[in-house]
Every structure is written in C-alpha cells, then in structure tokens.
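For reference, the structure is listed below as structure tokens.
The basis for the numbers below is simple: all heavy atoms, side chains too, and nothing from hydrogens, waters or symmetry mates. All figures in this text were calculated on a predicted structure; none of them were measured in a lab. Counting convention: from 1, in listed order, for ligands and their atoms alike.
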Amino acid sequence: MRSALVLVAFASLSYASTPSARDVPLAKLYTACKNPGHVALTFDDGPWTNNKKISDMVSNAGGNCTFFMNGNNWDCIYNSYNGTNYTAVIQYAIAAGHQIASHSWSHKDLTTCDNVTMGQELDWMNTALKKVAGVIPAFIRPPYGAYNDDVLKACGARNMSVVTWDSDSEDSWANANASNSKAAYDRQIRASQGSMMILNHETVDFTWYDFLMLDLGISST
Ligand SMILES: *[C@@H]1O[C@H](CO)[C@@H](O)[C@H](O)[C@H]1NC(C)=O
Ligand SMILES: *[C@@H]1O[C@H](CO)[C@@H](O)[C@H](O)[C@H]1NC(C)=O
Ligand SMILES: *[C@@H]1O[C@H](CO)[C@@H](O)[C@H](O)[C@H]1NC(C)=O
Ligand SMILES: *[C@@H]1O[C@H](CO)[C@@H](O)[C@H](O)[C@H]1NC(C)=O
Ligand SMILES: *[C@@H]1O[C@H](CO)[C@@H](O)[C@H](O)[C@H]1NC(C)=O
Ligand SMILES: *[C@@H]1O[C@H](CO)[C@@H](O)[C@H](O)[C@H]1NC(C)=O
Ligand SMILES: [Zn+2]
C-alpha cells in the first residue's frame, strides 16, 4: 500500500482572520483531497498520549499527516499527562511538518450550538493553538462531520475552511480493531476515486499501534 500512495497534508498552516463583517462568505468546504493520487491521513480527537508516536511513524514513512485537535476532549490541551506535555508534542508535530487543525474546543455537535456557544467552540480552540504553538488553524473538521449553513458562516467569518472525510478507518463508531481497519482501508482504496482523505483517531490505541505499526510496517522512534 505504501508505495502506491503519496501521503500529504492538504495545505499548510496559515493565519486566519478574526470574525468581523456580518456579510461573510460561507467557509470553503473540502470533502476530498484536491489532488488525484493523494492520500491525506488524518487523526482526530487529540491531543492525547499517542501523538508523538504517530508523528514519528508517519514521518518515518515519508509522509505528513493532519491532526484535528480539541481543546478539551480526552484531556485539556494545556495539560501534561503521563509524561506527555501536549504543548511540547504539538510543537514537535508542527516542526516535523505535520499539520495541526481545529476539531473545536470540546467536541460539541456545532449544528446544535447557539451562536454564542459556537463562537466559543471555535475561538477558544484557535486561542489555545495560538498560545501553545503560535499558529491559528486554517482548517476545522467539525465534530461528527456535522455542519450546516450556520457552521459554514461561523467558520467563514474566521477564515477557516471546513474539512470532512471520504474514507474511514472505522476505528471509532464501528469499534474496528486493527484487522478491521486494514480491511476497511483495502476496501476503500479499491472503491476510491483516486484520492483518499481518511478519518482515524489518535486516541484509539488500535489505530496508532497495531494498525500503523504492525500492519503497515511503519515504525516509531
Ligand atoms: C484566509 O486564509 C487563506 C488560506 O488559509 C489565506 O491565504 C488568507 O491570507 C487568509 N486571509 C485573511 C484575511 O486572513
Ligand atoms: C501511561 O504511561 C505508561 C508507561 O509509559 C503506559 O504503559 C500507559 O499506556 C500510558 N497510559 C496512557 C493512557 O497513555
Ligand atoms: C509543557 O512544556 C512547556 C514548554 O515546552 C512548558 O512551558 C509548560 O509549562 C509545560 N506544561 C506542563 C503542564 O507541564
Ligand atoms: C512534509 O513536511 C515537510 C516540512 O514542511 C516538507 O519538507 C515535506 O516535503 C513534506 N512531505 C510530504 C510528503 O509532503
Ligand atoms: C446566528 O448566526 C447566523 C450567522 O452566522 C445568523 O444567520 C443567525 O441569525 C444567528 N442566530 C441568532 C439567534 O443570532
Ligand atoms: C477483530 O475483530 C473481528 C470481528 O470484527 C474478529 O473476527 C477478529 O478476530 C479481531 N481480530 C483481532 C486481531 O482481534
Ligand atoms: Zn472527533
């Protein structure tokens, strides 16, 4: 699988503007990679204790990946836990060429949030990434992939593009183990239209360890 695929992040980080005008454009929406032949490996729901291992594995395989992070999901982004300082691992991932993007502050379904809460979900996360890494994300994957026009407006007002996925390791909703994930990848590679944007979760041990390391043969350092 590795030789056939080029791993890329779909864009680099850039600074987003702050919300201002009422009359803002809807956020740009990406539901697939822009370029044929490309695979975007994405990992949601962190930062968590596996982040550095995943960064290293993907780097060692010659690729870059995207982490869609929360401010307060499995843990608070400002914390340090079990030997993992999230500030340090986020800076490490960026230095290694990986992309950090938003997955909202606390993983709420944004389509159910009132405007104030939606603003907090977006702004608190961007503030956190600015504080810990000096960057403001250009992309957000809304939790559950759920968006509507209000979400697109709120993200557009912050100059953020909205990203979903078109391929799924099934490591979350389907509770896939590593062999299930590999089967899902194989099935979706065959069915794909020539590019894949794949949903994984950095918080699922099967994903980062059994699947990436044992099945794909990507090693950690
Ligand atoms: C909006 O984002 C795009 C792409 O990330 C960037 O090129 C542009 O400079 C940004 N515009 C503003 C006003 O921040
Ligand atoms: C905490 O660290 C220990 C020792 O490195 C490891 O075995 C354990 O899996 C870690 N727990 C979590 C939740 O990462
Ligand atoms: C994490 O590391 C940064 C420096 O890399 C340090 O400033 C910060 O205090 C650490 N945070 C915790 C919670 O230990
Ligand atoms: C990964 O990111 C680094 C640093 O930005 C870059 O030099 C390298 O070309 C990227 N690799 C791929 C496969 O895009
Ligand atoms: C929420 O914001 C949207 C634009 O982002 C606007 O169309 C809508 O009227 C607002 N709703 C409320 C209750 O303010
Ligand atoms: C993975 O789950 C499937 C059922 O979906 C099971 O048949 C298989 O034995 C499991 N594999 C491993 C390595 O646990
Ligand atoms: Zn998520």
Kindly write out the residues that satisfy side chain to side chain donor-acceptor pair (under 3.5 Å) with Ser59, not counting sequence neighbours, or none if the list is empty. His98
Where do Asp109 and Thr111 land on the side-chain hydrogen bond (donor to acceptor under 3.5 Å, both in side chains) test, with the steps shown first? CA-CA 6 Å; Asp109 179 342; Thr111 64; 2.6 Å; yes
Between Asn85 and ligand 3, does any nitrogen or oxygen pair lie at a separation below 3.5 Å? yes
Does Ser169 offer a backbone N or O that forms a donor-acceptor pair with the side chain of Ser181 under 3.5 Å? yes
When distances are taken from atom 13 (C) of ligand 3, the protein heavy atom at minimum range is Ser80 CB, 3.4 Å
Is the closest heavy-atom distance from Tyr78 to ligand 3 below 4.0 Å? yes
With His107 as partner, the option from Asn70, Asp44, Asn72, Asp45 fulfilling side chain to side chain donor-acceptor pair (under 3.5 Å) is Asp45
Looking at atom 9 (O) of ligand 6, tell me if a protein heavy atom falls under 4.0 Å from it. no
Taking every non-hydrogen atom, the tightest pair across Ser195 and Asp166: O-OD2, 4.0 Å
I'd like to check which ligand 4 atoms, numbered from 1 as shown, lie under 4.0 Å from a non-hydrogen atom of Gly62. 13 (C)
Any sub-3.5 Å donor-acceptor pair from Asn73's side-chain atoms to Ser106's backbone N or O? no
Would you confirm whether any non-hydrogen atom of the protein falls under 4.0 Å from atom 2 (O) of ligand 3? yes
Identity and distance of the protein heavy atom lying nearest atom 4 (C) of ligand 6: Asn180 ND2, 4.2 Å
For atom 12 (C) of ligand 6, what is the nearest protein heavy atom, given as residue, atom name and distance? Asn177 ND2, 3.3 Å
